[in-house]
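Numbers here are sequence positions counted from 1.
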Amino acid sequence: MSAKRDYYEVLGVNKSSSPDEVKSQYRKLALKFHPDRNKSPDAQEHFKEISEAYAVLSDSGKRDLYDKHGHEGVDGRYSQEDLFRGAGGNFNDIFDNLFGGQGGRGGGGFGSVFENLFGGGGRFSRSRGNDLLHECYITLEDVLHGKQIELDLKKFVDCPDCNGTGCKPGSSKSTCKDCGGYGQVRVRRNMGGMILESAQPCGKCQGSGEIFDDPCKKCQRGKVKGTKHLSFNLPSGIDNGDYVIQGEGESIPDGDNGDLIVRVRVEPHKLYRRDGVDLYCDARISMVDATLGTEIDVKTLEKTQKLKIESGTQPNSILKIKSQGLPSQNSNRRGDLFVHVVIEIPKKLSKQQKSLLDEFQNSD
């Protein structure tokens with residue numbers, strides 16, 4: 001199959017479907033496309049596609065990530081093995097019901113089916129460090145111009161003594177003899193007369209496949225607690241949301257870095273209300289100015305601009321100042337500033353003012 005289809009489309013469910021509904025739908029499709037039951041040429045590919053979709057949508061964390069960022073958010077963080085890690089119990093439960101406890105493929109259960117389909121027997125995929133979260137509060141002026149963020153992030157960093165190798169200078173690593181360098185060992189269990197074989201990380205090398213001949217005395221496998229200085233730009237037009245800086249999360253030995261999640265929050269402004277790229281503000285004028293017309297000064301994010309009030313302007317009129325809103329991230333377009341005209345009615349009038357208004361009221 002070429003480009004990946006939407007996981008919800010693959011399973012025939014939607015974003016509001018409950019975990020039980022997702023599971024039930026996958027059960028139906030697995031029964032239809034399982035390679036032991038369906039001998040059509042494309043059955044195996046269909047089975048792989050629906051199984052990958054279920055592995056993501058049956059895991060609340062992966063599903064939330066997919067809902068926010070789509071395939072790019074999931075594929076950028078997980079290897080194929082990582083996608084299925086943690087979902088094995090869900091698959092075993094389904095296959096036990098479908099195949100009477102045998103799981104297909106000669107009783108090998110979930111592991112056998114997916115090793116045949118997706119490959120197996122090699123080293124465990126690399127572990128991944130935790131994501132880190134940084135909350136960032138910015139103003140509307142920052143949204144207009146963009147902002148450079150300077151951040152000192154406390155995290156695990158490469159040990160300065162061994163440059164992150166975990167080995168004492170002059171020494172090296174050797175292949176783990178317990179797992180032969182694969183990082184995993186096979187474990188066989190007797191489950192009520194049925195032998196199940198599974199792979200698990202090697203306890204001696206923690207899944208890395210390598211042993212330190214002479215470990216660095218300062219660190220644990222090449223990492224120490226430290227501080228990393230980061231400098232990055234928030235682009236103009238940015239909105240509230242989570243933005244990912246890949247590889248700047250927690251670092252772990254013999255694994256991939258997590259990501260840094262920058263949570264941007266735009267602070268409320270004392271003058272303006274934001275609606276996408278457009279801004280709204282209030283302008284207060286007297287009833288005389290509204291009647292006769294005038295010209296007022298309106299403060300924008302960058303300057304003060306003249307705005308003409310036509311005679312006979314009605315209360316709550318909305319006037320537009322073109323291109324004085326916020327920039328768009330996706331185009332060169334800039335939003336507009338909309339001015340809400342608030343006409344102020346005086347609470348107290350002098351006798352002369354009342355007389356003049358009465359005269360106006362009674363004139364033709």
Could you please spell out the steps behind the side chain to side chain contact (heavy atoms under 4.5 Å, CB included) verdict for Ile261 and His134?
CA-CA 6 Å; Ile261 311 299; His134 173 70; over 6 Å; no

Could you please spell out the steps behind the side chain to side chain contact (heavy atoms under 4.5 Å, CB included) verdict for Glu250 and Arg128?
CA-CA 8 Å; Glu250 198 62 87; Arg128 183 177 180 278; over 6 Å; no

Hey, mind stepping through Thr139 and Asp142 against side-chain hydrogen bond (donor to acceptor under 3.5 Å, both in side chains) and telling me if it holds?
CA-CA 5 Å; Thr139 65; Asp142 295 330; 3.2 Å; yes

Hey, mind stepping through Tyr66 and Tyr7 against ring-ring contact (aromatic ring centres under 6.0 Å, His included) and telling me if it holds?
CA-CA 9 Å; Tyr66 178 73; Tyr7 284 146; 4.7 Å; yes

Please step through salt bridge (Lys or Arg N to Asp or Glu O under 4.0 Å) for the pair Asp297 and Lys303, ending with a clear verdict.
CA-CA 10 Å; Asp297 291 329; Lys303 58 185 178 180; over 6 Å; no

Run Glu248 and Lys228 through salt bridge (Lys or Arg N to Asp or Glu O under 4.0 Å) and show every step you take.
CA-CA 9 Å; Glu248 291 296 351; Lys228 182 174 182 180; 3.1 Å; yes

Could you walk me through whether Val264 and Lys147 pass the side chain to side chain contact (heavy atoms under 4.5 Å, CB included) test, one step at a time?
CA-CA 12 Å; Val264 175; Lys147 183 176 183 179; over 6 Å; no

Give the intermediate values and the outcome of side-chain hydrogen bond (donor to acceptor under 3.5 Å, both in side chains) for residues Ser251 and Asn257.
CA-CA 5 Å; Ser251 177; Asn257 290 356; 3.3 Å; yes

As a quick check of understanding, evaluate side chain to side chain contact (heavy atoms under 4.5 Å, CB included) for Val341 and Asn316, giving each step before the final call.
CA-CA 5 Å; Val341 179; Asn316 297 318; over 6 Å; no

Would Phe47 and Phe33 count as a ring-ring contact (aromatic ring centres under 6.0 Å, His included) if you check the C-alpha gap in whole Å, the side-chain angles of each, and the deciding distance to 0.1 Å?
CA-CA 5 Å; Phe47 185 75; Phe33 291 111; 8.5 Å; no

One pair to check against salt bridge (Lys or Arg N to Asp or Glu O under 4.0 Å): Lys68 and Asp64. What are the steps and the verdict?
CA-CA 6 Å; Lys68 290 179 179 178; Asp64 182 61; 3.4 Å; yes

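Side-chain contact check for Arg27 and Tyr54: no donor-acceptor pair (N or O, by modelled atom type) lies under 3.5 Å. Checked by atom type, the side-chain pair Ser18/Asp20 shows no donor-acceptor distance below 3.5 Å. A donor-acceptor contact closer than 3.5 angstrom is absent between the side chains of Ser17 and Tyr8. Judged by distance alone, the side chains of Ser174 and Asp213 do bring a donor and an acceptor atom under 3.5 Å apart. In this structure, a donor-acceptor pair under 3.5 Å is absent between the side chains of Ser286 and Glu344. At a cut-off of 3.5 Å, with distance as the only test, a side-chain donor of Glu150 or Gln148 sits close to an acceptor on the other residue.
In this structure, the separation between OG on Ser172 and CZ on Phe212 is 10.5 Å, given to the nearest 0.5 Å. To the nearest 0.5 Å, atom CD of residue Gln352 and atom CG of residue Leu357 are 11.0 Å apart. In this structure, CD1 in Ile321 is found 9.5 Å from CG in Asp336, a value given to the nearest 0.5 Å. Summarising the geometry, atom NZ belonging to Lys204 is positioned 7.0 Å from atom NZ belonging to Lys177; distances are rounded to the nearest 0.5 Å. Put simply, NZ on Lys270 and CG on Leu140 are 12.5 Å apart, with the number rounded to the nearest 0.5 Å. Considering CZ of Arg265 and OH of Tyr137, their distance stands at 7.0 Å, rounded to 0.5 Å.
A heavy-atom distance below 4.5 Å is not found between the side chains of Leu271 and Leu279. Residues Ile149 and Leu234 meet the side-chain proximity criterion, which asks for heavy atoms closer than 4.5 Å. Between Ser317 and Val339 the shortest side-chain heavy-atom distance does not fall below 4.5 Å. Taking the side chain as every heavy atom from C-beta outward, Arg333 and Val277 approach each other to under 4.5 Å. In this structure the side chain of Asp259 never reaches within 4.5 angstrom of the side chain of Ile245, judged on heavy atoms. Two residues are said to be in side-chain contact when any heavy atoms from C-beta on lie closer than 4.5 Å; Asp242 and Val262 fail this criterion. By the 4.5 Å heavy-atom criterion applied to side chains, Cys202 and Cys176 are counted as neighbours. Looking at heavy atoms from C-beta onward, Lys173 lies in side-chain contact with Cys167 at the 4.5 angstrom threshold.
For the residue pair Arg5 and His71, the shortest heavy atom distance occurs at O-NE2, 2.9 Å. Nearest heavy-atom pair across Ile343 and Pro315 is CD1-N, 3.4 Å. Heavy atoms only, all atoms of each residue included: Ile252 and Gly129 are closest at CD1-N, 3.6 Å. The minimum heavy-atom distance linking Gly325 with Leu144 is given by the pair O-CD1, 4.1 Å. Shown here for Cys179 and Val185, the closest heavy-atom pair between the two residues is CB-CG1, 4.1 Å. Of all heavy-atom pairs spanning Ile238 and Val143, the tightest one is O-CG1, 3.4 Å.
More than 12 heavy atoms of other shown residues, nucleotides or ligands fall within 6.0 angstrom of atom CD in Glu9. By the 6.0 Å contact criterion, NZ on Lys322 is open, its count of non-hydrogen atoms from other residues, nucleotides or ligands being 12 or less.
At least one donor-acceptor pair closer than 3.5 Å links the side chain of Thr291 to the backbone N or O of Met287. A donor-acceptor pair under 3.5 Å is absent between the side-chain atoms of Asp289 and the main chain of Ile285, judged by distance alone. Although no hydrogens or angles enter the test, the distance criterion places a donor-acceptor pair under 3.5 Å between the side chain of Ser171 and the main chain of Asp214. When atom types are taken as modelled, the side chain of Gln25 and the backbone of Leu11 share a donor-acceptor pair closer than 3.5 angstrom. With hydrogens and angles disregarded, a donor-acceptor distance shorter than 3.5 Å links the side chain of Ser363 to the backbone of Phe360. His145 places no side-chain N or O within donor-acceptor distance of the main-chain N or O of Pro235, the cut-off being under 3.5 Å. Between the side chain of Asp42 and the backbone N or O of Glu45 there is no donor-acceptor pair closer than 3.5 Å. Here the side chain of Glu52 pairs no donor or acceptor atom with the backbone of Glu49 at under 3.5 angstrom. Checking side-chain atoms of Gln314 against main-chain N and O of Gly312 turns up a donor-acceptor pair under 3.5 Å.
Using a 4.0 Å cut-off between charged nitrogen and carboxylate oxygen, Asp282 and Arg273 count as a salt-bridge pair.
Residues satisfying the salt bridge (Lys or Arg N to Asp or Glu O under 4.0 Å) criterion with Arg274, sequence neighbours excluded, are Asp239.
Among pairs with a residue in residues 154-170, those fulfilling side-chain hydrogen bond (donor to acceptor under 3.5 Å, both in side chains) read Asp158-Lys223, at least two apart in sequence or across chains.
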